[in-house]
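One structure is given below, encoded as structure tokens.
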Amino acid sequence: MVTAELRKLLGLPTAWVGLVLGLIAAPLLVFVNAPALRRMADSGQLPDPADVGYENLGIGLLGALILGVVVVSSEYTSTGDDSPGAHQMTSTLLAMPGRKRLLAAKGSALALVVGVQGAVTAVTTIVLTRSLMPFAPSFDPVRVAAAVLYWILLALLAYAITFIFRNGIVTLTLFIVNSSVVSVSYLLTKLTPLAAYLPDIVGAHMFLRSHPADETIPPVTAGVVMTLWVGALLAVAAFLFRRRPA
Amino acid sequence: MTIVNAEFRKLATLPALRWTILLTWLATLLVAYAAHRAAVADDPIRLALRWTQAGFLILGVLSATQEYEPGAQIRATLLTVPRRLPLLAAKTATTAATAILAALPLLVATLWFVPATPHPATALYLVAVTLLGAACGTLTRNPLAAAAVSLSAFMVAFPLLRARFPTASSWLPDTLLTTSSPTTALATTVWAALLTAAAALTFQTRNA
Amino acid sequence: MDPWFDDSSARLRLTRRMISIDGVTRPGILHGVSFEARPGRVTGFLGPNGAGKTSTVRILLGLDRPSSGTALINNLPYASLPRPLTVVGALLDGSGAHRARSARAHLRWMAASNGLSRSRVDEVLSIVGLSEDAGKRAGRFSLGMGRRLGLAAALLGDPPVLVLDEPINGLDPAGIRWMRTFLRQCATEGRTVLLSSHLMTELASTADDVVVIDRGRVITRGTVAEVTAGHDSLEEAFLALTATPTPW
């Protein structure tokens with residue numbers, strides 16, 4: 001089942017857009033940011049070099065996000081003009097009627113693809129950063145692993161939300177707006193400190209060390225909270241998926 | 001005028017557009033409130049729109065891509081109005097008018113936060129953003145692709161470019177939202193006009 | 001001299017409602033397609049899958065552009081018709097309605113775009129038997145209901161010319177019979193009906209004239225009797241004429 005879902009995912013042109021975007025965006029950003037960062041480091045204005053390189057990883061998430069969206073939206077795209085109600089999900093359910101297992105198979109395929117993509121991107125980005133900026137933190141397998149896990153969890157989050165709304169636009173808007181330079185979630189921390197536990201902010205604590213938000217959450221706690229978010233939303237998605245007609 | 005009337009009916013009977021506008025209003029007010037609590041800004045609505053302009057982009061995208069969703073409405077549209085340039089002109093006019101309708105309550109809401117007159121540039125900006133979204137929609141003919149491209153541009157690419165090339169930043173389409181000057185207003189207008197023209201050219205020449 | 005017309009004044013009168021397609025070419029798809037469809041007759045446009053029927057119809061309706069040749073209705077290209085719905089009614093695959101819009105809302109914007117009255121919307125809904133479901137979203141329509149909505153849209157402007165691409169696809173037997181009667185009645189009223197189909201038996205009982213197209217070329221045209229001459233049925237004639245090697 002996972003193999004079938006993997007084939008379906010990798011057969012989509014849009015999925016490849018997400019894959020390529022996720023792979024090249026972060027390393028590209030390293031080049032864009034390098035001169036400014038080097039100037040700051042030379043003049044001693046860089047307060048904390050602990051996140052140099054790692055902070056660029058955030059943009060590659062857009063790729064993981066697109067993958068999380070298309071894995072669902074492709075199923076609900078109408079197959080023809082004559083039958084706006086017909087979509088691939090019908091064939092999928094005829095081939096694999098167990099809905100909970102289908103949800104798990106799709107999620108596993110997605111996690112696998114995003115995991116590989118995230119690992120390649122993270123390693124490339126960090127190594128590239130080190131070679132361009134010697135003051136950057138050295139390669140730390142634990143932090144890289146945490147970053148990859150963050151990617152996988154966010155992709156699964158996008159997957160769950162798209163499943164709930166059966167519409168990719170909601171997810172895309174939510175996530176891209178939140179991946180802007182200052183995220184909305186961060187603004188919301190101004191309303192209540194609890195907003196620091198929103199999935200995207202808490203997740204970043206898994207691999208970043210210096211935080212714009214006042215709250216500091218230990219990486220392991222952050223990972224647990226993030227996993228709980230993903231688990232809860234996937235449970236909602238599974239519940240709705242079982243209830244709804246295909 | 002009959003074409004404009006028909007295009008208005010189309011937009012008015014599309015549930016997704018009502019939801020988009022409603023959610024944009026709610027999100028803008030919420031973020032403006034948060035920003036206002038954090039630091040008293042000159043215009044919290046304008047500040048909030050840095051993020052919630054996404055709603056106007058989506059408004060533009062959906063009003064254009066409704067034609068290309070399953071069911072192929074574009075064919076019905078071109079059968080009723082086969083001359084494509086007047087059709088696109090009518091579409092642009094109705095989309096702009098809808099954007100103004102969606103923007104007005106937000107401008108008025110500014111008064112709720114601060115005793116200042118709302119900035120007229122904000123309305124111009126929001127119309128331009130909506131038209132840019134619509135042009136993306138017409139060019140890609142796919143709501144997901146258009147949303148991904150336009151949102152990534154406004155939320156990620158432009159802010160990065162602004163940081164990288166500060167001198168050229170007034171020529172980016174979204175600088176008007178942070179700095180109102182004749183240059184930024186002109187830049188926004190030119191971007192919207194250029195992209196709409198590109199969409200018109202594509203629409204005119206391609207097979208439906 | 002065209003054998004279909006022997007009276008030049010009659011021809012002048014008839015061209016006012018005529019579909020005339022002349023040398024229409026699209027590289028790789030159509031190679032100089034020429035034929036006419038006359039008022040008061042149902043013209044069947046017949047060909048196997050992928051022969052170029054839909055391409056020809058789309059060019060006639062201004063949706064696609066030919067690389068050369070002309071496709072005229074009333075001696076005008078579709079795009080030059082001032083209120084096209086009042087001249088041509090067209091049915092292509094799909095209803096043409098956005099799935100989130102109700103059938104009535106869909107027909108209302110179409111009527112508004114051509115300055116037609118709102119009461120006409122309810123009229124066409126009742127003609128195709130959709131009055132009960134007019135408030136339903138088009139996305140919830142069955143295939144057959146979608147086709148009927150498409151037909152309602154084609155009839156909005158009470159057009160003298162009808163162009164229908166595979167109209168009976170997705171209709172149930174009662175719907176097929178209704179469509180046949182309806183098209184015959186349209187022809188009796190003096191309308192020009194162009195009906196494309198790959199179903200020979202259906203065309204044999206509906207059409208007056210037949211144009212057979214294969215691999216982008218018109219291979220024969222004439223009345224049903226003329227085309228069938230020398231064969232057992234229109235179907236036999238069609239298979240003999242096209243003789244495309246098929247894998248089944």
Side-chain angles (χ1 to χ4, degrees), chain A residues 13-14 17-18 21 25 28-29 31-37 56 58-63 65-66 69-70 72-74 76-87 162 165 167-192 195, chain B residues 16 19-20 23-24 27-28 30-39 44 47-48 50-59 61-62 65 68-76 133 137 142-166 174:
Chain A
T14 11
V17 174
L21 192 72
L28 216 61
L29 198 59
F31 284 111
V32 174
N33 285 343
L37 275 171
N56 289 336
I59 195 170
L61 275 172
L62 287 179
L65 161 71
I66 291 178
V69 169
V70 297
V72 186
S73 66
S74 65
Y76 286 109
T77 304
S78 180
T79 46
D81 291 333
D82 253 344
S83 40
H87 38 66
T162 313
F165 289 101
N167 182 336
I169 297 231
V170 179
T171 324
L172 270 184
T173 312
L174 222 57
F175 279 73
I176 298 185
V177 168
N178 236 4
S179 64
S180 79
V181 179
V182 179
S183 78
V184 182
S185 309
Y186 168 63
L187 262 184
L188 292 180
T189 59
K190 299 292 178 193
L191 268 185
T192 158
Chain B
W19 280 107
T20 306
L23 288 174
T24 306
T28 309
L30 181 69
V31 176
Y33 179 62
H36 194 59
R37 280 274 297 263
L47 185 68
R50 282 188 211 180
W51 294 275
T52 55
Q53 56 175 303
F56 285 85
L57 280 173
I58 299 295
L59 180 70
V61 165
L62 291 181
T65 55
Y68 300 99
E69 276 179 61
Q73 181 181 279
I74 186 64
R75 289 199 305 239
N142 176 326
L144 268 186
V149 168
S150 57
L151 286 172
S152 305
F154 274 83
M155 295 293 139
V156 182
F158 294 152
L160 282 176
L161 285 173
R162 196 181 349 271
R164 181 77 179 80
F165 309 102
D174 66 331

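Note: hydrogens, waters and symmetry copies are ignored here, and every other heavy atom, side chains too, is used. Every chain is numbered from 1, with letters handed out A, B, ... down the list of sequences.
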Could you tell me which residues satisfy side-chain hydrogen bond (donor to acceptor under 3.5 Å, both in side chains) with Arg50(B), sequence neighbours excluded, listed by chain and number? none
Checking heavy atoms, do the side chain of Leu62(A), its backbone, both or neither come under 4.5 Å from chain B? side chain
Please set out all donor-acceptor pairs under 3.5 angstrom arising from side-chain atoms of residues 142-151 of chain B, sequence neighbours excluded.
{"unit_1": "Asn142(B)", "atom_1": "OD1", "unit_2": "Leu144(B)", "atom_2": "N", "d": "2.8"}
{"unit_1": "Asn142(B)", "atom_1": "OD1", "unit_2": "Ala145(B)", "atom_2": "N", "d": "3.2"}
{"unit_1": "Ser150(B)", "atom_1": "OG", "unit_2": "Ala146(B)", "atom_2": "O", "d": "2.8"}

To the closest 0.5 Å, what do you measure between OG1 (Thr173(A)) and CG (Leu57(B))? 9.0 Å
Hey, what do you get for OG (Ser152(B)) to CD1 (Ile66(A)), rounding to the nearest 0.5 Å? 6.0 Å
Any Ile169(A) side-chain heavy atom under 4.5 Å of Thr20(B) side chain: no
Evaluate whether atom CZ of Phe158(B) has more than 12 neighbouring non-hydrogen atoms of other residues, nucleotides or ligands under 6.0 angstrom away. yes
